[in-house]
Amino acid sequence: MPLERAARIVSELASCGYNADREAVTKLAAADDPARALETVLENVDDDVLVIRTDHVEAAIANDREDVTAGDSDGSSAAAPAGSNDRDQVPDAGDADPSVSTGATPTHSGESPSPSPVETGGSTDAGRSADPALRSLEIANDMTGESTGTGEYEDFVSVFRDRLERLGSKLRGRVNHRPAATIEDMPGGEEVAMVGLVNDVRSTASGHWLIELEDATGTFPWLVMKDRQYADLVEELLCDEVLAMEGTLSGDSGIAFVDSMFFPDVPRTHEPSTADRHVQAALISDVHVGSQEFMHDAWTAFADWLHTPAAQHVEYLLIAGDMVEGVGVYPNQDEELDIVDIYEQYEAFSEYLKLVPGDVEIVMIPGNHDAVRLAEPQPGFDEDIREIMTAHDARIVSNPSMVTLEGVSVLMYHGVSLDEVIAELPEEKASYDEPHKAMYHLLKKRHVAPQFGGHTRLAPEEKDYLVIDEVPDIFHTGHVHKLGFGKYHDVLAINSGCWQAQTDFQKSVNIDPDSGYAPIVDLDTLEVTVQKFS
Ligand code: D5M
Ligand code: FE
Ligand code: ZN
């Protein structure tokens with residue numbers, strides 16, 4: 001079957017270290033003797049070529065014809081090219097075993113492969129390389145190479161000052177605020193408001209809530225009465241988030257009773273931007289190459305699918321962290337490692353990335369399993385690791401980063417703080433089963449990791465890169481290995497699943513991961529379809 005043939009060609013090229021244009025694959029699959037054509041391409045292509053293009057295939061086919069007419073037809077098969085011995089981290093991609101390609105066809109839902117041969121699409125197929133000039137990809141908030149923090153006390157002061165300044169500016173127009181130090185000198189019984197960081201949340205003996213707000217001048221206590229409508233909001237609060245409170249001072253001006261609370265939030269008037277043409281992005285994360293649980297077959301099926309006509313509009317691939325399983329991330333993790341060397345993990349990951357068509361634009365940020373500092377913001381990979389992954393010319397940026405694809409802004413963040421949001425908030429407001437709802441809270445707080453000192457480690461920088469300054473059109477996270485998406489004030493929140501089957505740890509705590517799914521976003525409508533590959 002031609003589709004399988006195309007998929008097998010991709011796998012075979014990858015096993016020899018090559019990526020390929022979609023059109024080149026189509027041409028190879030359409031050749032009279034694809035195996036021979038492939039072999040000729042591999043024999044003739046220059047050593048420095050990383051991506052096989054149509055002209056390589058055309059040259060090879062022409063070359064081959066000449067050879068055949070010259071009577072040289074040994075008929076040897078190229079079904080299983082050799083030369084993959086130095087790449088044995090990528091299991092059986094080069095095998096002649098058709099199982100590598102079958103995954104592409106039957107496993108995904110709703111998009112049954114066209115029964116018409118791929119050849120008919122041929123080189124004029126309106127593939128994703130039709131007009132690369134229509135693409136645009138911009139990156140903002142990338143702090144790679146910009147880290148200035150040394151972890152000193154002053155750095156913490158400046159990062160929190162910046163947070164309060166920038167998030168406070170979204171609130172100051174909405175309340176008649178006063179600095180903490182001034183409030184205690186105001187007459188008792190007055191109306192008062194303050195913008196600050198949540199310093200502490202405590203329940204009192206009588207069941208009310210005491211919230212300490214801090215600004216640059218000091219702290220002031222605010223009391224939320226248990227029977228007030230805002231009592232419900234108190235359980236959503238995280239330490240170090242920025243908000244505004246409005247209320248009435250007690251008689252001795254020692255405390256204020258909360259009447260209203262304001263969050264930086266996404267304005268309800270927010271209107272997302274969309275692309276001017278039908279183009280799609282695949283949003284994934286948590287590949288975990290190097291783990292025994294990495295799902296080779298699902299990934300291969302996904303990559304094969306990307307080469308089919310059904311995926312021709314997928315022109316961007318965003319990967320939100322945890323490319324590899326890493327080393328020493330959790331206690332006893334080594335017992336579940338398939339590849340124990342971190343560099344070899346990236347080498348294997350790079351081979352898997354080569355299965356993705358060469359004309360798909362890739363952006364990746366690191367996660368907590370990757371080989372960069374654990375504290376956030378995490379800079380993009382260093383040179384050693386970039387060099388391993390040069391084949392695809394991916395954009396490697398920090399966690400978090402704002403990526404704008406044809407006018408559609410996507411805030412990419414790995415998602416470690418989601419564990420915290422889920423742990424702190426009541427189940428109906430944030431749970432592993434509905435990870436997008438946990439993301440809504442980060443949007444409301446306009447910060448990807450508000451709470452300092454818990455799960456999420458923060459590296460203080462001059463500026464708080466974790467503030468969500470501009471409202472994104474799409475918010476993309478991963479980390480919790482659960483697939484979920486939905487809209488919050490018209491911002492599309494997507495938490496991608498993973499490419500790792502359930503680990504022993506996850507089994508022990510009853511986490512049932514969503515493995516082998518690729519959510520695909522239409523950038524012209526912001527609609528999501530989910531492709532399943534496992
Ligand atoms: O995270 C995958 C998910 O599983 C995320 O919600 C954290 C959780 N997880 C996984 N392993 C552990 C251990 N050993 N302790 C605590 N939490 C864990 P990932 O970043 O892929 O490991
Ligand atoms: Fe992960
Ligand atoms: Zn993670």
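All ligand and atom numbering here is 1-based and tracks the order in the structure.
Put simply, part of His288 is less than 4.0 Å from ligand 1, judged by heavy atoms.
In Val480, the parts holding a heavy atom less than 4.0 Å from any atom of ligand 1 are both the side chain and the backbone. Here Gln333 has no heavy atoms under 4.0 Å from ligand 1, in either its backbone or its side chain. With a 4.0 Å heavy-atom cut-off, ligand 1 is reached by no atom of Gln500.
The His369 neighbourhood of ligand 1 comprises atoms 19 (P), 20 (O), 21 (O), 22 (O), with distances under 4.0 Å to a heavy atom of that residue. Those atoms of ligand 1 that come under 4.0 Å of a heavy atom in Asp322, given as number and element, are 19 (P), 20 (O), 21 (O). In the vicinity of Asn368, heavy-atom distances shorter than 4.0 Å reach the ligand 1 atoms 20 (O).
When each of Leu492, Ile494, Ile319, Leu317 is tested with Leu283 by the rule side-chain contact (heavy atoms from CB on, under 4.5 Å), just one qualifies, namely Ile494. For the side chain to side chain donor-acceptor pair (under 3.5 Å) with Asp464, the qualifying choice from Arg166, Arg161, Arg163 is Arg163, the only one to do so. With His369 as the fixed residue, the ring-ring contact (aromatic ring centres under 6.0 Å, His included) test singles out one of Phe349, Tyr330, Tyr346, Phe294: Tyr330.
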Does His436 form a ring-ring contact (aromatic ring centres under 6.0 Å, His included) with Phe475? I'd like the steps, not just the answer. CA-CA 9 Å; His436 50 289; Phe475 183 23; over 10 Å; no
Test log, rule side chain to side chain contact (heavy atoms under 4.5 Å, CB included), inputs Val372 and Asp382: CA-CA 8 Å; Val372 296; Asp382 66 17; over 6 Å; no
Quick one: do His278 and His313 satisfy ring-ring contact (aromatic ring centres under 6.0 Å, His included)? Show the steps, please. CA-CA 7 Å; His278 181 51; His313 298 294; 4.5 Å; yes
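Comment: Glu424 does not engage Lys445 in a salt bridge, judged by the lack of any side-chain N to carboxylate O separation of less than 4.0 angstrom. A salt bridge links Asp469 with Lys170; the closest basic N to acidic carboxylate O contact falls under 4.0 Å. For Glu235 and Lys429, the salt-bridge test passes: some basic side-chain N is under 4.0 Å from an acidic carboxylate O.
Between His481 and ligand 1, at least one pair of N/O atoms sits closer than 3.5 Å.
With respect to atom 2 (C) of ligand 1, the closest heavy atom belonging to the protein is His479 O, 3.0 Å. For atom 6 (O) of ligand 1, the nearest non-hydrogen atom of the protein is Asp419 OD1, 2.7 Å. Ranking protein heavy atoms by distance to atom 4 (O) of ligand 1, first place goes to Ile511 CD1, 3.8 Å. Protein heavy atom at the shortest distance from atom 12 (C) of ligand 1 is Phe505 CE2, 2.9 Å.
Counting only N and O atoms by type, the side chains of Asp433 and Ser431 include no donor and acceptor under 3.5 Å apart. Side-chain atoms of Ser496 and Asp286 form no donor-acceptor pair, as typed in the model, at a separation below 3.5 Å.
Using bins of under 30°, 30° to 60° and over 60° for the plane-to-plane angle, the ring pair Trp299/Phe302 lands in the perpendicular bin.
Annotation: salt bridge (Lys or Arg N to Asp or Glu O under 4.0 Å) contacts of Glu165 (sequence neighbours excluded): Arg172.
With a cut-off of 2.8 Å, the protein N/O/S atoms near the Fe ion (ligand 2) add up to 4. Protein nitrogen, oxygen and sulfur atoms, that is N, O or S, within less than 2.8 Å of the Zn ion (ligand 3) amount to 4.
Both cation-pi conditions hold for Lys444 and Phe263: the charged atom is under 6.0 angstrom from the six-membered ring centre and inside a 45 degree cone around its axis.
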Throw together a table of side-chain donor-acceptor distances under 3.5 angstrom for residues 509-517, partners on residues two or more places apart or in other chains.
residue, atom, partner, partner atom, Å
Asp514, OD2, Leu483, N, 2.7
Ser515, OG, Gln500, O, 2.8

